[in-house]
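Atoms considered below: every heavy atom in the structure, side chains included; atoms not considered: hydrogens, waters and symmetry mates.
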Amino acid sequence: MTTGRAVAADVQDLGAGQSAWPGPLPLDPIGLARQKARAQEKAGAAIRSAQGVEGAMTGPSAGPSWEGQSHALGSPPDTTGAIGPGVYLQLINDGWSMYDRDGATLSGGLLDYLTGYHPHTLVDPQVIWDATTERFYYVVADIQRNTLAWGFSKTAEPTAVRGQWCRYVGDFGYASGFPDYPKLGDTADFLLVGANAFKHTGDTLGPFVSSDLLWIPKPSPGPITECPAQDSFALGRFAALTSTDGTPAFTPVPANQIDGSGTGYVVAAGYLYIAPGASGVPEHASQDYLTVFEVTKDHLTGAPLLSPPKRVSVPAYSIPPNAPQPGTNNRLDTLDGRFRQAVAAVDPRLGRVAVWTSHAVFGGAGSEERWYEIDAARPDPTIFRSGVVSHPSLYVWNGAISSDRVVGSAGSGFGSSMVLGFNTSSPTDFVAIQMVSKIEDAPQSGLALVQQSPGYYEDFACENVVCRWGDYSGAAPDPSAPLSGATGKIWLTGQWNSLRVDGVRAHWRTWNWGALP
């Protein structure tokens with residue numbers, strides 16, 4: 001294990017002010033509460049068989065592996081990260097930190113320090129590395145002004161903030177609506193941001209309005225000396241995305257495009273909510289499809305084009321119950337079956353770009369993580385490979401997956417293997433960060449422990465016996481992994497917790513690690 005250490009002066013302390021950061025907002029709070037209760041009853045009444053427990057004899061190995069950022073006065077972390085040729089950048093709610101490849105801290109501080117935007121209401125951070133333009137990109141939501149702060153590094157290897165980032169703010173037409181749970185992906189030409197729009201007036205947030213896809217043109221490749229003017233970027237929005245059955249494409253997630261394709265992909269899980277006031281609520285609502293959109297460039301206008309929704313059939317899934325933990329009645333939020341991140345990359349076995357994504361659904365002890373490799377480039381997308389991380393006694397959730405595709409200055413290779421990181425817990429097991437891998441056609445590995453929490457989690461953001469957790473984690477392929485190796489490398493970030501000190505200070509922690517499948 002490598003422990004991060006400060007090696008530069010460009011580090012800023014996280015600020016004060018206790019905050020239960022908003023999101024992810026549910027499409028239908030009443031429907032979600034009903035289905036969570038039904039899922040918990042169903043999980044308690046059944047003994048489920050194990051899937052994905054027995055696997056390959058060897059599993060993924062972690063290294064480097066080190067503790068990331070924390071914040072005692074805010075909850076939850078919303079941790080995400082991206083790896084470039086020389087540095088790893090981790091973002092959390094209200095904070096950021098840049099590390100070298102051994103986990104040593106190069107710089108860090110508040111999100112307003114990174115973004116140059118100072119409302120102190122910045123939430124839901126996202127960051128990706130793009131090999132095409134050789135720079136990092138970030139997006140952060142401002143819940144006070146209904147805007148998105150976004151920007152990019154001037155070079156491939158920023159080591160600080162001062163003078164090394166171009167920083168902007170856009171409202172995307174959200175005068176009285178908030179773009180909640182923004183997810184960042186890209187094509188060779190555009191940054192793409194999926195968001196759930198909720199009405200926002202004064203201090204009132206909600207109800208749900210629509211699921212949208214926002215876009216931003218990328219700057220030219222290579223180092224930048226002077227940042228382009230804000231008005232040189234034509235921002236846009238595709239509003240009210242729906243699936244093929246006409247229901248909202250809730251939580252559209254653009255994939256991080258690793259190979260720099262001019263075609264980008266957006267994925268959304270099926271509609272799992274019942275509208276408020278609807279009669280005949282089913283015992284346990286489920287869906288058996290995913291939705292895929294394509295984004296391309298109109299070479300006459302330069303604007304993006306969004307395809308109609310495409311349906312992908314999958315085994316039925318439903319909303320999972322919240323995860324138990326020993327020592328407390330407070331359960332941990334496993335969300336509502338939505339996707340949390342996605343990676344698009346060439347798979348040599350497939351011969352074209354595939355989209356990798358995962359979500360927590362009902363199964364196993366109560367919650368399991370299902371993953372998909374989607375053959376999205378077909379006119380009629382299908383599942384190329386899929387799997388499940390499930391356990392007869394452990395709840396599994398908060399996953400992030402990436403293939404091992406390498407695209408960098410030394411060339412490209414790999415892309416047929418993956419690592420999936422996630423959390424586990426049970427009535428007798430404290431939260432842990434674990435991972436599995438799959439190397440080409442070999443069986444999926446068993447669970448590999450990354451970091452174990454020493455006690456239960458409970459803070460000021462716990463409400464109605466549910467504590468926020470996540471709300472997501474991150475995974476991305478290494479652009480500089482040696483092409484001479486057996487596989488590429490994936491870098492991940494996730495949440496665990498230290499021992500509880502009191503009910504006031506948040507005691508969540510984050511963890512960053514690299515993994516060979």
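- Note: W66 and Y99 meet the aromatic proximity criterion, with ring centroids under 6.0 Å apart.
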Show, in sequence, the C-alpha distance, side-chain angles and deciding distance for V419 and I401, and conclude whether the side-chain contact (heavy atoms from CB on, under 4.5 Å) test is met. CA-CA 6 Å; V419 174; I401 189 172; over 6 Å; no

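- Looking only at distances, a side-chain donor or acceptor of R135 sits under 3.5 Å from a matching main-chain atom of S153.
- Checked for salt-bridge contact, R340 and D471 miss the test: no charged N lies under 4.0 Å from a carboxylate O.
- Between P24 and Y181, the shortest heavy-atom contact is CB-CD1, 3.4 Å.
- Geometrically, R237 engages Y174 in a cation-pi contact, judged by NZ or CZ lying under 6.0 Å from the ring centre and within 45° of the ring axis.
- With hydrogens and angles disregarded, a donor-acceptor distance shorter than 3.5 Å links the side chain of S211 to the backbone of A249.
- W165 and F136 have tilted rings, their planes meeting at an angle from 30° to 60° on a 0 to 90° scale.
- Looking at every heavy atom in both residues, T159 comes nearest to S107 through O-OG, 3.1 Å.
- With hydrogens and angles ignored, the 3.5 Å screen pairs a side-chain donor or acceptor of R385 with a backbone N or O of E440.
- You'll find the ring centres of W491 and Y88 inside the 6.0 Å limit.
- Aromatic ring orientation, F339 versus H359: tilted (interplanar angle from 30° to 60°).
- Ring centers of F238 and F293: at least 6.0 Å apart, outside the cut-off.
- Between the side chain of S70 and the backbone N or O of R509, no donor-acceptor pair lies under 3.5 Å.
- Panel note: side chain S97, backbone G109; no donor-acceptor pair is recorded below 3.5 Å.
- In this model, a donor atom of one side chain and an acceptor atom of the other lie less than 3.5 Å apart for Y113 and R162.
- Cation-pi contact between K154 and F152: absent, since separation from the ring centre below 6.0 Å together with deviation from the ring axis within 45° is not met.
- Between R101 and P85 the shortest heavy-atom distance is NE-O, 2.9 Å.
- Y317 places a side-chain N or O within 3.5 Å of a backbone atom of Y289 that can act as its donor or acceptor partner.
- Judged by distance alone, the side chains of T263 and T296 never bring a donor and an acceptor atom under 3.5 Å apart.
- With hydrogens and angles disregarded, no donor-acceptor distance shorter than 3.5 Å links the side chain of D212 to the backbone of A239.
- Between the side chain of S437 and the main chain of P517, a donor-acceptor pair closer than 3.5 Å is present.
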Please assess T382 against F384 for the test side-chain contact (heavy atoms from CB on, under 4.5 Å), listing each intermediate value before the final yes or no. CA-CA 6 Å; T382 60; F384 179 55; 6.0 Å; no

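- Taking both residues in full, the closest heavy atoms of P228 and F233 are given as CB-CE1, 3.8 Å, listed atom of the first, atom of the second, then distance.
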Run S417 and T487 through side-chain hydrogen bond (donor to acceptor under 3.5 Å, both in side chains) and show every step you take. CA-CA 7 Å; S417 303; T487 67; over 6 Å; no

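- Within the structure, the salt bridge (charged side-chain N to carboxylate O under 4.0 Å, His left out) test picks out the following pairs touching residues 256-268 (sequence neighbours left out): D259-R405.
- Side-chain contact, N256 with D186: a donor N or O sits under 3.5 Å from an acceptor N or O.
- Of the charged side-chain nitrogens involved, at least one lies within less than 4.0 Å of a carboxylate oxygen, so that D130 and K218 count as a salt-bridged pair.
- A donor-acceptor pair shorter than 3.5 Å can be found between the side chains of T79 and Q90.
- Remark: the W511 side chain and the S65 side chain contain an N/O donor-acceptor pair separated by less than 3.5 Å.
- Smallest separation of non-hydrogen atoms from W96 and L89: CE3-CD1, 4.0 Å.
- Tested against L290, the residues I374, V355, V267 include a single side-chain contact (heavy atoms from CB on, under 4.5 Å) partner, I374.
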Under the criterion side-chain contact (heavy atoms from CB on, under 4.5 Å), I'd like the reasoning laid out for V406 against D478: C-alpha separation, chi angles, the key distance, then a yes or no. CA-CA 6 Å; V406 174; D478 190 335; 5.8 Å; no

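- Neither side chain, N196 nor D180, offers a donor N or O lying under 3.5 Å from an acceptor on the other.
- Of all non-hydrogen atoms in P221 and T132, the two that sit nearest each other are CB-O, 3.6 Å.
- The backbone N or O of Q69 sits less than 3.5 Å from a side-chain atom of T510, completing a donor-acceptor pair.
- No donor-acceptor contact under 3.5 angstrom links the side chains of D112 and T115, judged on distance only.
- Residues T147 and D171 bring no donor and acceptor atom of their side chains to less than 3.5 Å of each other.
- Side chains of S261 and Y265: a donor-acceptor N/O pair is absent below 3.5 angstrom, by distance only.
- In this structure a side-chain-to-backbone donor-acceptor pair under 3.5 Å is missing from D142 to L122.
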Donor-acceptor pairs under 3.5 angstrom involving side-chain atoms of residues 303-311: please list them, not counting sequence neighbours.
{"from": "S307", "atom 1": "OG", "to": "E294", "atom 2": "N", "distance (Å)": "2.8"}
{"from": "K310", "atom 1": "NZ", "to": "E294", "atom 2": "OE2", "distance (Å)": "3.3"}
{"from": "R311", "atom 1": "NH2", "to": "D288", "atom 2": "OD1", "distance (Å)": "3.3"}

Evaluate side-chain contact (heavy atoms from CB on, under 4.5 Å) for Q452 paired with W496, printing each intermediate quantity in order. CA-CA 7 Å; Q452 176 66 56; W496 61 295; over 6 Å; no

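- Taking the six-membered ring for Trp and thresholds of 30 and 60 degrees, Y168 and W150 have nearly parallel ring planes, at less than 30 degrees apart.
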